[in-house]
Amino acid sequence: MNVLLLGSGGREHALAWKLAQSPALDTLYAAPGNPGIAAHATCVALDATDHAAVVAFVQGHAIGLVVIGPEAPLVDGLADSLRAADVPVFGPGKAAAQLEGSKGFTKDLCRRADIPTAGYVRVNNRAEAEAALASTFSYPVVIKADGLAAGKGVVIAISEAEAAAAFDTMFEAGDAPVVLEEFLDGEEASLFVLTDGVTLLPFGSAQDHKRVGEGDTGPNTGGMGAYSPAPVLTPALERRAIDEIVAPTVKALADEGTPFSGVLYAGLMLTATGPKLIEYNARFGDPECQVLMARFRGDLLAVMLAVAQGRLADLPAADFSDEVAMTVVLAAAGYPGTPRVGGAIRGIDAAEATGATVFQAGTRRDGDTLVAAGGRVLAVTATGSDIRSARDAAYRGVDAIDFADGFCRRDIGWRELAR
Ligand code: AMP
Ligand code: GLY
């Protein structure tokens, strides 16, 4: 089977690496891909916002499955356009992708389906926001832009002055949909569940490190490193999260005629009273996907096709290694602000000779040299029998790489290491 994978990040490199191991794969195409993905796929230029062009490519290249990596094309309804042309696709349609595309949509669904989450109020302008703040919330209060914001649309305000500053930013261009939320206390963990709209297939857990600085300090990023599994999400808590959060979400969307097909990424807060939903994403996490793929032993193409074709009930439980996987992101200086691009990267072979797998994110070729082309540049990934050996193996890989413009956090996994 020929497969088309959309995206260009470390997540998509990990998916390409795993798809390429499937015995059923003929040709993997990636659009646009990156130099790392090019080791497993034929990279093509395709504008994912031009649905007709994507459908034409699929029909012209006998593509049997399209895998949509990032959220933007999902929220934009690309999966609907492909399904309308009878193309199996891994990823939800526009209506179900609102789980990621609109925080207010998800909060309202949680209220309808009685799903545990932070208390909230949706507002549309500054006056409503100030009134809600005065009458409903204490500090800290969580203030979120409603739509896709690449992890940058959330402010945790500890005072009225900080809330006012957040409103200055969120209502800068006038009225805008915003969600105010109760602050949840606890440790975060991410749970991944594949679903074809009816059947659920738990697909592993992970813990990300969103702040740029060691000890979880500094501004938020897309994620500076992750490990899997996340033992803080015990089997009992995972069961509760599936029964109380994921299953009622999937059922509510199916009942409303907009079933979710793809991977549900539930960002959970493990509170004193149990898991609560912080947010949903409608795709794999980046860099969480890198550690899931490092542990997944099944046939990714077969599983994704079963999701796309509504045959998940026929599949056994997902087969993950008992090993721990860790990934460490090498970012370009300046990230998460404007990254310094163009810096040379050497030593990927040396890193892989240590046993690590180097997934590429923001890279491009400049003649014979691989150079940085984005904020997050590499995700150096390794496994071990426990978190300590996974950590040591990942940093052995990191230390073999020569990227003068790069930096990383040296403390990925710190919470679990401390336990
Ligand atoms: P989100 O984009 O919704 O994942 O929010 C980004 C980050 O903000 C999360 O990973 C949490 O660390 C934090 N956060 C979001 N909502 C809450 C909440 N209600 N209580 C505490 N922290 C939150
Ligand atoms: N690493 C966080 C995300 O993918 O949303």
Side-chain angles (χ1 to χ4, degrees), residues 7 9-12 14-15 69-72 74-75 97 99-107 110 115-122 136-158 163 166 170 178-192 205-212 216-228 230 263-273 275-293 327-329 331 335-336 359 361 375-376 379 381 409 412 415:
R11 166 183 49 214
E12 287 77 22
L15 293 174
E71 59 275 20
L74 296 169
V75 171
L99 279 185
E100 176 160 6
S102 166
K103 297 190 186 286
F105 172 88
T106 299
K107 300 300 285 190
C110 287
I115 290 168
T117 188
Y120 74 104
V121 175
R122 295 178 79 169
T136 326
F137 289 95
S138 57
Y139 296 95
V141 65
V142 184
I143 304 171
K144 300 183 174 181
D146 185 77
L148 290 184
K152 288 170 191 163
V154 177
V155 174
I156 297 175
I158 58 165
M170 295 199 182
V178 165
V179 177
L180 302 186
E181 267 182 37
E182 165 203 8
F183 178 80
L184 296 176
D185 213 3
E187 187 166 338
E188 284 179 56
S190 303
L191 173 64
F192 298 84
S205 65
Q207 195 171 51
D208 188 14
H209 299 63
K210 286 196 173 130
R211 304 295 197 96
V212 74
D216 291 340
T217 54
N220 263 329
T221 69
M224 293 298 292
Y227 63 90
S228 171
V263 58
L264 257 179
Y265 159 175
L268 303 173
M269 190 70 87
L270 306 179
T271 74
T273 58
K276 293 193 178 181
L277 180 72
I278 301 173
E279 62 157 3
Y280 273 127
N281 294 308
R283 35 95 194 157
F284 281 112
D286 188 343
E288 294 92 326
C289 187
Q290 288 85 319
V291 283
L292 292 180
M293 291 306 129
T327 191
V328 178
V329 169
Y335 180 75
F359 295 118
R376 292 188 294 170
T381 310
R409 277 179 62 164
I412 301 304
R415 288 174 197 278

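Remember, it's 1-based here, ligands and their atoms both numbered in the order they're listed.
Exactly one of Arg122, Glu279, Glu181 qualifies for a side-chain contact (heavy atoms from CB on, under 4.5 Å) with Lys103. That residue is Glu279.
Atom numbering of ligand 2 starts at 1 in the shown order; those under 4.0 Å from a heavy atom of Asp208 are 1 (N), 2 (C). For ligand 1, the atoms closer than 4.0 angstrom to any heavy atom of Lys103 are 1 (P), 2 (O), 3 (O). For ligand 1, the atoms sitting less than 4.0 Å from at least one non-hydrogen atom of Lys144 are 3 (O), 15 (C), 16 (N), numbered in the order shown with element in parentheses. Those atoms of ligand 2 that come under 4.0 Å of a heavy atom in Asn281, given as number and element, are 5 (O). Heavy-atom proximity to Ala118, at under 4.0 Å, picks out these atoms of ligand 1: 19 (N). Which parts of ligand 1 touch Met269 is read off a 4.0 Å heavy-atom cut-off, strictly below it: atoms 21 (C), 22 (N). The ligand atoms of ligand 1 that sit less than 4.0 angstrom from a heavy atom of Phe183 are 20 (N), 21 (C).
Here the side chain of Thr221 pairs a donor or acceptor atom with the backbone of Lys210 at under 3.5 angstrom. Side-chain atoms of Glu100 come within 3.5 Å of backbone N or O of Ala282 as a donor-acceptor pair. Side-chain atoms of Arg211 come within 3.5 Å of backbone atoms of Gly218 as a donor-acceptor pair (strictly under, hydrogens ignored). Counting only distance, with no hydrogens or angles, the side chain of Arg376 and the backbone of Gly222 share a donor-acceptor pair below 3.5 Å.
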| task | Check the pair Thr381 / Met293 against side-chain contact (heavy atoms from CB on, under 4.5 Å), numbers first and verdict last. | result | CA-CA 10 Å; Thr381 310; Met293 291 306 129; over 6 Å; no
| task | Test side-chain contact (heavy atoms from CB on, under 4.5 Å) on Leu277 and Thr106 and set out the steps. | result | CA-CA 10 Å; Leu277 180 72; Thr106 299; 3.9 Å; yes
| request: Check the pair Phe284, Glu12 against side-chain contact (heavy atoms from CB on, under 4.5 Å), reporting the backbone distance first and the verdict last. | output: CA-CA 9 Å; Phe284 281 112; Glu12 287 77 22; over 6 Å; no
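Contact annotation for Tyr265 and ligand 2: only side-chain heavy atoms (C-beta onward) come within less than 4.0 Å of the ligand. Contacts with ligand 1 closer than 4.0 Å are made by side-chain heavy atoms of Lys210 only, the backbone lying farther away.
Compare Gly222, Gly223, Gly285 by their heavy atoms: the one nearest to atom 2 (C) of ligand 2 is in Gly222. Among Ile143, Val155, Ile156, Thr117, the residue whose heavy atom lies closest to atom 23 (C) of ligand 1 is Ile156. Comparing heavy-atom distances from atom 5 (O) of ligand 2 across Met224, Glu288, Arg283, Glu71 singles out Arg283 as nearest.
Note: Glu288 CD to Asn281 CG = 8.0 Å, rounded to the nearest 0.5 Å.
Inclusion of Val142 in the set of residues having an N or O under 3.5 Å from an N or O of ligand 1 is not warranted. Remark: ligand 2 and Arg11 share no N or O pair separated by less than 3.5 Å (distance only, no angle test). Not a single N or O atom of Asn220, backbone or side chain, sits closer than 3.5 Å to an N or O atom of ligand 1.
A salt bridge is absent between Asp185 and Lys276; no separation between the charged side-chain nitrogens and carboxylate oxygens falls under 4.0 Å.
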